[in-house]
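To start, the structure itself, in structure tokens.
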Amino acid sequence: MSAVKKSIVVEQLRKAQLLQLLSKGNRMDGRGPLDYRPITVETHVIEKAEGSARVTIGNTQVIAGVKVDLGDPFPDTPDKGLLIVNAEVLPLASPYAEPGPPDEDAIELARVVDRGVRESQMLNLSELALLPGKRVYAVFVDVSVLNVDGNLFDTTSYAVVAALATTRMPGYTVVNGEVKKTGETPPLPIQTIPVSVTMARIGDVIIVDPTSEEEAVMDARITLTSDGRGNLCAGQKGQSGTLTFEHVMFAAQTSRAKGEEIRELLRKGVGSAKV
Amino acid sequence: MSAVKKSIVVEQLRKAQLLQLLSKGNRMDGRGPLDYRPITVETHVIEKAEGSARVTIGNTQVIAGVKVDLGDPFPDTPDKGLLIVNAEVLPLASPYAEPGPPDEDAIELARVVDRGVRESQMLNLSELALLPGKRVYAVFVDVSVLNVDGNLFDTTSYAVVAALATTRMPGYTVVNGEVKKTGETPPLPIQTIPVSVTMARIGDVIIVDPTSEEEAVMDARITLTSDGRGNLCAGQKGQSGTLTFEHVMFAAQTSRAKGEEIRELLRKGVGSAKV
Amino acid sequence: MSAVKKSIVVEQLRKAQLLQLLSKGNRMDGRGPLDYRPITVETHVIEKAEGSARVTIGNTQVIAGVKVDLGDPFPDTPDKGLLIVNAEVLPLASPYAEPGPPDEDAIELARVVDRGVRESQMLNLSELALLPGKRVYAVFVDVSVLNVDGNLFDTTSYAVVAALATTRMPGYTVVNGEVKKTGETPPLPIQTIPVSVTMARIGDVIIVDPTSEEEAVMDARITLTSDGRGNLCAGQKGQSGTLTFEHVMFAAQTSRAKGEEIRELLRKGVGSAKV
Amino acid sequence: MGRLINESGLRVDGRRPDELRPIKVEIGVLKNADGSAYIELGKNKVVVAVYGPKEVHPRHMALPDRAVLRCRYHMSPFSTDTRKNPAPSRREIEISKVIREALEPSLMLSDYPRTAIHVYLEVLQSDGSSRVAGISAASVALADAGINMRDLVVGCSAGKVDGVVVLDLNDTEDKEGEADLPVSIMPNLNQVTLLQMDGMLSSEEFSKAFEMALTGCRKIYEVQRNALLTKYFGTSQPSQVEEE
Amino acid sequence: MGRLINESGLRVDGRRPDELRPIKVEIGVLKNADGSAYIELGKNKVVVAVYGPKEVHPRHMALPDRAVLRCRYHMSPFSTDTRKNPAPSRREIEISKVIREALEPSLMLSDYPRTAIHVYLEVLQSDGSSRVAGISAASVALADAGINMRDLVVGCSAGKVDGVVVLDLNDTEDKEGEADLPVSIMPNLNQVTLLQMDGMLSSEEFSKAFEMALTGCRKIYEVQRNALLTKYFGTSQPSQVEEE
Amino acid sequence: MGRLINESGLRVDGRRPDELRPIKVEIGVLKNADGSAYIELGKNKVVVAVYGPKEVHPRHMALPDRAVLRCRYHMSPFSTDTRKNPAPSRREIEISKVIREALEPSLMLSDYPRTAIHVYLEVLQSDGSSRVAGISAASVALADAGINMRDLVVGCSAGKVDGVVVLDLNDTEDKEGEADLPVSIMPNLNQVTLLQMDGMLSSEEFSKAFEMALTGCRKIYEVQRNALLTKYFGTSQPSQVEEE
């Protein structure tokens, strides 16, 4: 991610060309400013995971897998299940990715995606407490980024959402104060489908779903996530450029509008899972 | 610390000047060999900590904070509370400090300060056992070094002592074999006030409380800690120079004499705390 | 280990000389291809360990120490004791060893030795379960490599085997569902003596027990471990050269033949321990 | 009416919805640093040091046309209710990144090619909105270090508690409230340099909270200015405003 | 007759002792990599990317007369029954090493002095014999990257379950069986490049298992060849064989 | 009369207060090292290797006017009653530092500019006073490596148990006694190179313990000398003294 920015030689000519196109409302790949690249959503791709999804946006490709286990609740939320989101930009995903623990970009990625899921209350974490204060469901969502071509935030977010929405977890119940396996595999308590929309400012233009090439020349990035009820639930401005107040309000509006479109697409992608 | 030594160009002229002054019993800042710089002690500086103190000696500035929690005793001391002292020389403290886990200098600092507190029996750790072998108080003392200008050992030691002496911890009691919060906030069981005195040998002269500039040219360092009953309770020689046997005996004597002075100062600094 | 390979300048002349000798069935130190250097086995060298052995093969020197404690079983083997083998090539062992966590060579070393012990069923791990699923013996074997001159795999393996075979562990028994110390120090439940035999291919010749000098020019390495009942129980090909199918079958045969010889030597080395 | 807003419309610490906590900014508090500042915002206590422009280590990280900016946001172990492990958490790593990106637009980094500028923020006590308090202090510390700037950067948060849009969330409001929206701006250039959000805000609430955060920024900017004037020109304008 | 071989002599997944699981190899699955491949062997799903020849970092690791080969075998946290910690385990470090040593003999590394070739294997799902499946895919990915080769490398395991020597162990057989013998070879040069073993095999069983693994390798080699032919020459030979 | 001193004034291991434990020093015990030594002091078993003078890595750490001295004190996991984690503990890091500072004054480092000298101490078994035993062995290993020296360095501890000042504390005395005072000196130059202390000593006890440690050092120095004479001049003086 940042490696991409640093390492791709930002050809000034290419940027000039890109800006010229954008000033006419066009992009290098023919899209309009507010068009996404094709999005594919494939679920149940990892049989050993309780939920999984492979999502591609253009050439960006991500797999999310969900493991559900029992765990101890956090002391400050004794009556809630655990949700842990991790992301790794694998070294096979780009010539600039390196093996090793997640760097600041991968940590930001995981945390922004986590916030979208958590703050939208996609999962009813209260229903995931078995013995409040003692024993709760622990939902681990791990993301392996396989190919990077821009907009990791949205690709990862959609993969996480699709994997969670199609998860069938090992059922437990409490009998006489003891946690017992039921043998059933209920779905997670899904309440809504959050959708993140990532926008880039390049010069004076705001575009959605930037490619790696566009990210290399963008001034600022903003990701806003909406829930299914018209609320914004997470936001993150990124990069060392600025946004005007008008840009922010435009981004808020755009994230809701595009969010509705993509929510439909995700709903179809997760199929029978009722959300 | 060591970075300071390595990085400050040790101007030979400066050292010569300093040695000449010292041979007449004077120092660059006008002090005599056995004079400390001004010492300030301010307690209750961090409201969220159970005890805290900011201590300055000259331009050296340190904050210590105490957190008291419940913990499991160490297997070899089942009937004693836990005392854990950590120190970080923050990167904001000097141009030579680096972010990252404590280096050998910071580890030595924390361990020498810990020894002074522990071996003087400042805290009656036996009184901090609630359920021997099972549940004890755990006293964490963390030190953030904010500005380095020599003599971190003493500055840190005084801050730790002042923070511990003014700590009000959450009270617990044992009712029918169970640990319960009492709602009271008793002080720690303080038995004495240990005082470390750090000396440097530069040429043939022993000085106390060296500045960074003096540390850059010192041959050897020795820290000796005395309790309030005339005993020595901790010692550490440092640096790659030597001490004669006479230097050691002089240092032992000096540490007790200066220790008495500073103990009075610390007693005033911690105010109403009865110690 | 790999550092040795990288750093020793592989003198082509020396290799030519070595190959010429080998083609006549001889080696630099006068051994035949299938001769080991002198092997010494000394047990009970660390009184504080429950078992220990120092083994030398030529100039290669290794100490293994066994500590036995109580532990929780692994979830997937609730009715078995734990066996954990670690090896460190200490920085004092060679000019090319570095301080720090075990590198890939040391990890491979520990894992291959572990496999030989584990898969031969040298220890009856089922007898080391005290309260199945709850409390079992945990057998830690730690290896300190003190001097490297080739064939670490066998030297380490023999030291581990000799240390385990002479271990007297603190005895525990289960009384009314509780684990209690018996005060006795029984031996470990030893079932067989596994013996690893490490071979190197240099050109067309297979030799056993390569020195550092021979390892520096070897094409491939193969370690095969046999138990005392005519079975092979562990194997590992190493290095970036190849073996023919015939080499593999020859190595399998050799490992069993040499294994018998060395098993006798180890049996003598561990003395009264009945194995 | 809920736990966080009482029947008089006042907040847990007695503030009105659009009221800042007491704030204090001091400059030049650390002797070794090239620039430094200290901020108290409610119970937040953050000290910031700037070192640089200085050599870049390792050297191959140096940029030929501008300075490298490095930021570290770190919490002292005693700064929180429960002791914080001193090793950097994922949260601290993320916040360090967004703070760097919030400060960078204000700095004339191309005036210092092949150098590094380090900004260290140490949270001595944390009480909600520590990142924006830290940004406000860091910008002042950068000015104190004499780094060429386009504008100061000033940060403030808004959010929602018990259904009410409020300014400058404290710890309780941050943890138990419905939404938090930290923002930083360059007040003279009218540019947003940091924006994060978590929680749930409708369109109208988002607009209102964003506006409120901008207003809060402008109030804190006055405190920054006064602190700098006092330090460098000895003016008598108070650098501490209980509530202007 | 035991748990792992039934009265008809069939295995837990219905295979005969010498039968491979369904296998599929795809080439060029990752856009950024210089070469890539994907393999499914039973439920194993492994994706491999090759980057290089490229600059060596740090530079002093470069070799004057040949390329440095680096391999990383890594399992995604969701690839196993119980979640795997994403940090490299000792097992992954060992397997990365033996895979590098298994691939290296096939590569003309001296054609690329002072460069590095990186091979990244990601196990998306693991089901026994993932290392040999990964080697088979990695060799195809290296071919896809255009690295000069003496031969492909192909891997397959054999072993023993319930006293019977069998081909291509699955997860259950690996964990509950008596022995596992993963092997890789260069099939045209008749050279073994990887051999590991754990478990218990008599002389005869070892010979039989080794032979069986070699036969398995040759079957998988056909799948590799077909995948490459399909990709590069568009031949219609199926790159997926359920059972040939 | 307490647990650690019996009615006859003898210690838990039967020694008089001013008595050393049996001590043995061997030289040249490791073939690869440039210098090496092995010491047994009671149940302490410490082996030391010296490598160097050699190249400095990374190169920018080299000093233009003298050698860099690096020391590592490490305990094998089996060296203690309870298994020790092999990763370096804070205690080992501190001890490595004070050992380096204890040895450095004895070495003519300016004879070896731009090089590094590495001293590795491995504690195979620990029984109280292992750091001073290690220093005594390390100095001999440095001599064995032919490093130019001003004097040997020799270490010994004194302390207090059951109110009695005693020499050379063993493990039990170290843990259950009242004070420990490890000291190292250059015996011909009469210079202290290491001094640490923990526990409680009055002025008089401190003086007495310090004197006793110095006397102990001089006894151990004879053992060092004899070991070197035996190794290099084949003299028949015993290198092992049970008690001289």
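Values below: every heavy atom of this structure, side chains too, minus hydrogens, waters and symmetry copies. Worth saying up front: this structure is predicted, and the values here are computed from it rather than measured.
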Item to check | Audit row: F:Arg70, F:Val56, side chain to side chain contact (heavy atoms under 4.5 Å, CB included) steps and yes/no | outcome: CA-CA 10 Å; F:Arg70 290 183 181 151; F:Val56 184; 3.9 Å; yes

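Salt bridge status for F:Lys54 with F:Asp34: absent, with no side-chain N to carboxylate O gap under 4.0 Å. Residues F:Lys84 and F:Glu92 are paired through a salt bridge, judged by an N-O separation under 4.0 Å between the basic side chain and the carboxylate.
With a threshold of 4.5 angstrom between heavy atoms, F:Arg72 approaches chain C through side-chain atoms but not through N, CA, C or O. In this structure, chain C has a heavy atom under 4.5 Å from the side chain of F:His74, while its backbone stays farther away. Heavy atoms closer than 4.5 Å to chain C are found in the backbone of F:Ser79, but not in its side chain. Of the two parts of F:Val29, only the backbone, made up of N, CA, C and O, holds a non-hydrogen atom closer than 4.5 Å to a non-hydrogen atom of chain C. Within the 4.5 angstrom heavy-atom criterion, no atom of C:Pro101 approaches chain F. For F:Lys31, the parts lying near chain C are the backbone and the side chain together; criterion is any non-hydrogen pair under 4.5 Å. Heavy-atom distances place both the backbone and the side chain of C:Leu146 under 4.5 Å from chain F. Within the 4.5 angstrom heavy-atom criterion, only side-chain atoms of C:Glu88, from C-beta onward, approach chain F.
Atoms OG1 and CG, from C:Thr43 and C:Leu266 in turn, are 11.5 Å apart once rounded to the nearest 0.5 Å.
Side-chain contact between C:Leu131 and C:Val179 is present, with at least one heavy-atom pair separated by less than 4.5 Å.
Between the side chains of F:Glu122 and F:Ser76, at least one donor N or O sits under 3.5 Å from an acceptor N or O.
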